[in-house]
Enquirer: 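Below are the structure tokens for one structure; questions will follow.
The chain is numbered in sequence order, starting from 1. Read the numbers this way: they start at 1 and go in the same order the structure lists the ligands and their atoms. It should be emphasised that the depicted structure is a prediction, and the values quoted were computed from it without experimental measurement. Side-chain atoms are counted along with the backbone in the values below, which use heavy atoms only and exclude waters and symmetry mates.
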Amino acid sequence: MPPQKIIIDTDPGIDDSMAIFFALNSPELEVIGLTAVFGNVHVDLAVTNALRLLEIAGRTDIPVAEGAANPLAGTYTNPPTFIHGDDGQGNIHLPPPTTTAITQTAAEFIVEQIMSAPGEITLVPIGPLTNIALALRLEPRIAQNVKQVVLMGGNALVPGNATPAAEANIHDDPEAADVVFGADWSVTMVGLDVTTKASMTEQHLQRYAQSSSPMAQHIARINPLYHDFSKRVNGVSGLLVHDSTAIAYLLMPDAFTVKQWPIRVETQGFSRGKTWPYLRPNPNAVAWHNRSAVNVCTGIDSARTIELELNRVAPP
Ligand code: BDR
Ligand code: CA
């Protein structure tokens with residue numbers, strides 16, 4: 001089987017970096033581009049970090065396109081530097097990259113790639129969904145021509161992490177998320193329902209430090225800040241590998257339990273960014289009617305997915 005072609009839309013970010021390296025080390029996947037979006041950092045830094053990560057991986061052949069600086073509505077102001085660092089890479093402050101982004105925008109790149117290879121490209125958004133909504137706006141026919149969308153974001157049956165209601169990627173741009181969940185294409189939501197069960201322990205993390213791979217060494221350098229945050233917030237040791245879980249789904253879908261529910265995203269009030277599943281038929285729930293079902297991951301065999309990630313990125 002030829003490798004599955006993917007575009008990772010990302011705001012790197014510590015767990016984004018882990019996910020990107022996981023994908024680059026998986027022969028079942030061919031990463032044909034990284035598209036950058038605001039989120040864990042402002043978009044210019046997201047581009048810089050994407051370029052740096054590809055250099056570390058020895059994959060500067062992969063293009064990086066710059067995307068949205070702001071959500072569809074409003075201005076982005078507050079990157080979570082207390083989780084990912086001022087530099088989005090755990091405050092290790094790498095030297096500037098030696099390469100630059102392509103001149104196409106993220107939306108233009110996504111549209112061009114999908115329309116030139118109908119049915120072949122999988123989109124893997126692991127940040128706010130702004131670039132994906134903009135690509136749909138630019139060329140609505142990508143919905144019929146993409147292979148599938150597998151995204152990290154949302155919370156169906158569990159609380160949020162950005163607020164009690166909402167998960168961070170969706171909370172950063174709920175309007176864009178509602179467009180993406182509402183388009184007529186195959187979307188799989190790898191959200192907090194499963195990623196909060198995908199925790200790497202101290203012992204797991206040591207395997208990065210023990211590996212001689214430059215990618216593993218980079219992860220070992222950047223994860224202490226994120227790990228400290230996790231310990232403070234969750235009160236236990238362990239690091240949630242949110243974004244890597246979307247990559248794990250592509251490689252090992254049988255490790256997941258999946259339900260089919262249409263999703264609406266709340267765009268108002270204190271529940272802004274909450275992803276609401278349509279759990280059972282209800283004639284009064286008109287906001288969900290005529291929406292395609294989303295594949296919502298609700299269960300995971302995280303021992304398997306985490307072992308796969310470590311074997312790929314941190315070989316002994
Ligand atoms: C998501 O938010 C970001 O901070 C992470 O990179 C991940 O994509 C988890 O809610
Ligand atoms: Ca992310």
Enquirer: Does the side chain of Leu24 come within less than 4.5 Å of Ile62's, by heavy atoms?
Expert: yes
Enquirer: Check Asp11 and report its N/O/S atom nearest to the Ca ion (ligand 2), by atom name.
Expert: OD1
Enquirer: Have Gln104 and Gln113 got a donor and an acceptor in their side chains that come within less than 3.5 Å?
Expert: no
Enquirer: Looking only at side-chain N and O atoms, does Thr75 offer a donor or acceptor that is under 3.5 Å from a partner on Asn70?
Expert: no
Enquirer: Would Asp15 count as a contact for the Ca ion (ligand 2), in the sense that one of its N, O or S atoms lies under 3.0 Å from it?
Expert: no
Enquirer: Answer with yes or no whether the side chains of Asp184 and Ser292 bring together a donor and an acceptor at under 3.5 Å.
Expert: yes
Enquirer: Within 3.0 Å of the Ca ion (ligand 2), is there any N, O or S atom belonging to Gly127?
Expert: no
Enquirer: State whether Glu28 and Arg312 are salt-bridged, where the test is any N-O pair (Lys NZ or Arg NE/NH1/NH2 against Asp/Glu carboxylate O) under 4.0 Å.
Expert: yes
Enquirer: Using heavy atoms and a cut-off under 4.0 Å, could you grab the residues that are in contact with ligand 1, chain by chain, numbers ascending?
Expert: Asp15, Asp16, Asn40, His84, Ile126, Met152, Asn161, Glu167, Ala168, Asn169, His242, Asp243
Enquirer: Suppose we only allow N, O or S atoms; which atom of Asp243 ends up nearest to the Ca ion (ligand 2)?
Expert: OD2
Enquirer: Using modelled atom types and a 3.5 Å cut-off, is there a donor and acceptor pairing between side-chain atoms of Thr60 and backbone atoms of Glu55?
Expert: no
Enquirer: Could you tell me whether the side chain of Glu167 and the main chain of Gly154 form a donor-acceptor pair under 3.5 Å?
Expert: yes
Enquirer: Of the options Gln260, Lys259, Gln148, which is the one that meets Asn295 in a side-chain hydrogen bond (donor to acceptor under 3.5 Å, both in side chains)?
Expert: Gln260
Enquirer: Using the Ca ion (ligand 2) as the vertex, how large is the angle between O of Ile126 and OD2 of Asp16, rounded to 10 degrees?
Expert: 90°
